[in-house]
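Nothing here was measured: the structure is a model prediction, and the numbers come from that model. Side chains included, hydrogens not; waters and symmetry mates left out as well; all remaining heavy atoms used.
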Amino acid sequence: QVQVVESGGGLVQAGGSLRLSCAASGRTFSSYAMGWFRQAPGKEREFVAAISWSGITKHYVDSVKGRFTISRDNAKNTMYLRMNSLKPEDTAVYYCAASSTTGWTISLGEYDYWGQGTQVTVSS
């Protein structure tokens with residue numbers, strides 16, 4: 001079992017940057033694919049980025065490609081999401097999640113463990 005806790009959210013102006021962290025407990029963190037999702041007010045939770053257990057394979061939703069970077073440090077049981085050139089439409093609660101799937105996945109239903117989320121607000 002894995003428990004995950006997000007941090008690093010906040011209020012930033014458009015064009016600014018933030019780095020989110022996802023700290024995981026448990027000795028098997030390195031065996032899980034990890035992902036970031038977000039949910040804006042009145043909208044469904046959507047996929048943002050995913051990373052394989054090794055950190056070699058990464059995948060992004062088109063709207064964040066070139067601006068966001070997902071990474072992980074298995075020695076520290078931590079995953080990151082570096083967000084640059086933030087836009088007001090990036091405003092949402094950001095969630096990290098762990099999946100026991102092989103490789104990586106964008107499917108919300110294939111993630112087994114979820115954090116409580118961290119708020120990111122981008123002002124115009």
Next on the checklist: For residues Leu20 and Phe47: do they belong to one hydrophobic cluster (side chain heavy atoms under 4.5 Å, members Ile, Leu, Val, Met, Phe, Trp, Tyr)?
Outcome noted: yes
Checklist entry - Which is it for Thr78 and Asp73 under the side chain to side chain donor-acceptor pair (under 3.5 Å) test, yes or no, and what are the steps along the way? => result CA-CA 5 Å; Thr78 303; Asp73 185 337; over 6 Å; no
Checklist entry - Could you walk me through whether Thr102 and Trp53 pass the side-chain contact (heavy atoms from CB on, under 4.5 Å) check? => result CA-CA 9 Å; Thr102 301; Trp53 69 269; over 6 Å; no
Next on the checklist: Ignoring hydrogens, what is the shortest heavy-atom contact between Ala92 and Ala40? Give both atom names and the distance.
Outcome noted: CB-N, 3.8 Å
Next on the checklist: With a 4.5 Å cut-off on side-chain heavy atoms, are Arg45 and Arg38 touching?
Outcome noted: no
Checklist entry - Honestly curious: do Val64 and Ile51 fall in one hydrophobic cluster under the side-chain, below-4.5 Å linking rule? => result yes
Next on the checklist: Is there a side-chain contact (heavy atoms from CB on, under 4.5 Å) between Tyr94 and Gln119? Walk through the geometry before answering.
Outcome noted: CA-CA 6 Å; Tyr94 283 71; Gln119 177 70 48; over 6 Å; no
Checklist entry - Given the side-chain rings of Phe37 and Tyr111, with only the six-membered ring counted for Trp, is the space between their centroids under 6.0 Å? => result yes
Item to check | Ser99 vs Met34 side-chain heavy atoms within contact, under 4.5 Å | outcome: no
Item to check | Criterion side-chain contact (heavy atoms from CB on, under 4.5 Å) on Met83 and Asp90, from CA distance to verdict | outcome: CA-CA 9 Å; Met83 305 185 295; Asp90 295 317; over 6 Å; no
Item to check | Residue pairs passing the side chain to side chain donor-acceptor pair (under 3.5 Å) test where at least one lies in residues 1-21, sequence neighbours excluded | outcome: Ser17-Asn84
Item to check | N/O donor-acceptor pair under 3.5 Å between Thr91 side chain and Val122 backbone | outcome: yes
Checklist outcome for this item: Closest heavy-atom pair, Ala24 versus Val2, reported as atoms and distance to 0.1 Å, is CB-CG1, 3.9 Å
Checklist entry - Are any side-chain N or O atoms of Ser52 and backbone N or O atoms of Thr57, one a donor and one an acceptor, separated by less than 3.5 Å? => result yes
Checklist entry - Cluster question for you: counting only ILVMFWY and a side-chain heavy-atom cut-off of under 4.5 Å, with indirect links fine, are Leu18 and Val4 together? => result yes
Next on the checklist: Same cluster or not: Val61 versus Trp114, using hydrophobic residues (I, L, V, M, F, W, Y) connected whenever any side-chain heavy atoms lie under 4.5 Å apart?
Outcome noted: yes
Checklist entry - If Ile, Leu, Val, Met, Phe, Trp and Tyr residues are connected whenever their side-chain heavy atoms lie under 4.5 Å apart, and connections chain through other members, are Tyr80 and Val12 in the same group? => result no
Next on the checklist: Distance check, rounded to the nearest 0.5 Å: Lys87 atom NZ versus Ser63 atom OG?
Outcome noted: 8.0 Å
Next on the checklist: Taking the basic N atoms (NZ, or NE/NH1/NH2) and the acidic carboxylate oxygens, is any pair closer than 4.0 Å for Asp62 and Lys65?
Outcome noted: yes
Next on the checklist: For a side-chain contact (heavy atoms from CB on, under 4.5 Å) check, start with the C-alpha distance between Leu81 and Thr69, then their side-chain angles and the critical distance, and finish with the verdict.
Outcome noted: CA-CA 6 Å; Leu81 185 68; Thr69 302; over 6 Å; no
Next on the checklist: So Met79 and Trp36, do their side chains get closer than 4.5 Å, heavy atoms only?
Outcome noted: yes
Checklist entry - Under 4.5 Å between any side-chain heavy atoms of Tyr32 and Asn74, yes or no? => result no
Item to check | Arg72 vs Phe29 side-chain heavy atoms within contact, under 4.5 Å | outcome: yes
Item to check | Side-chain donor or acceptor of Tyr60 paired with backbone N/O of Ile70 under 3.5 Å | outcome: yes
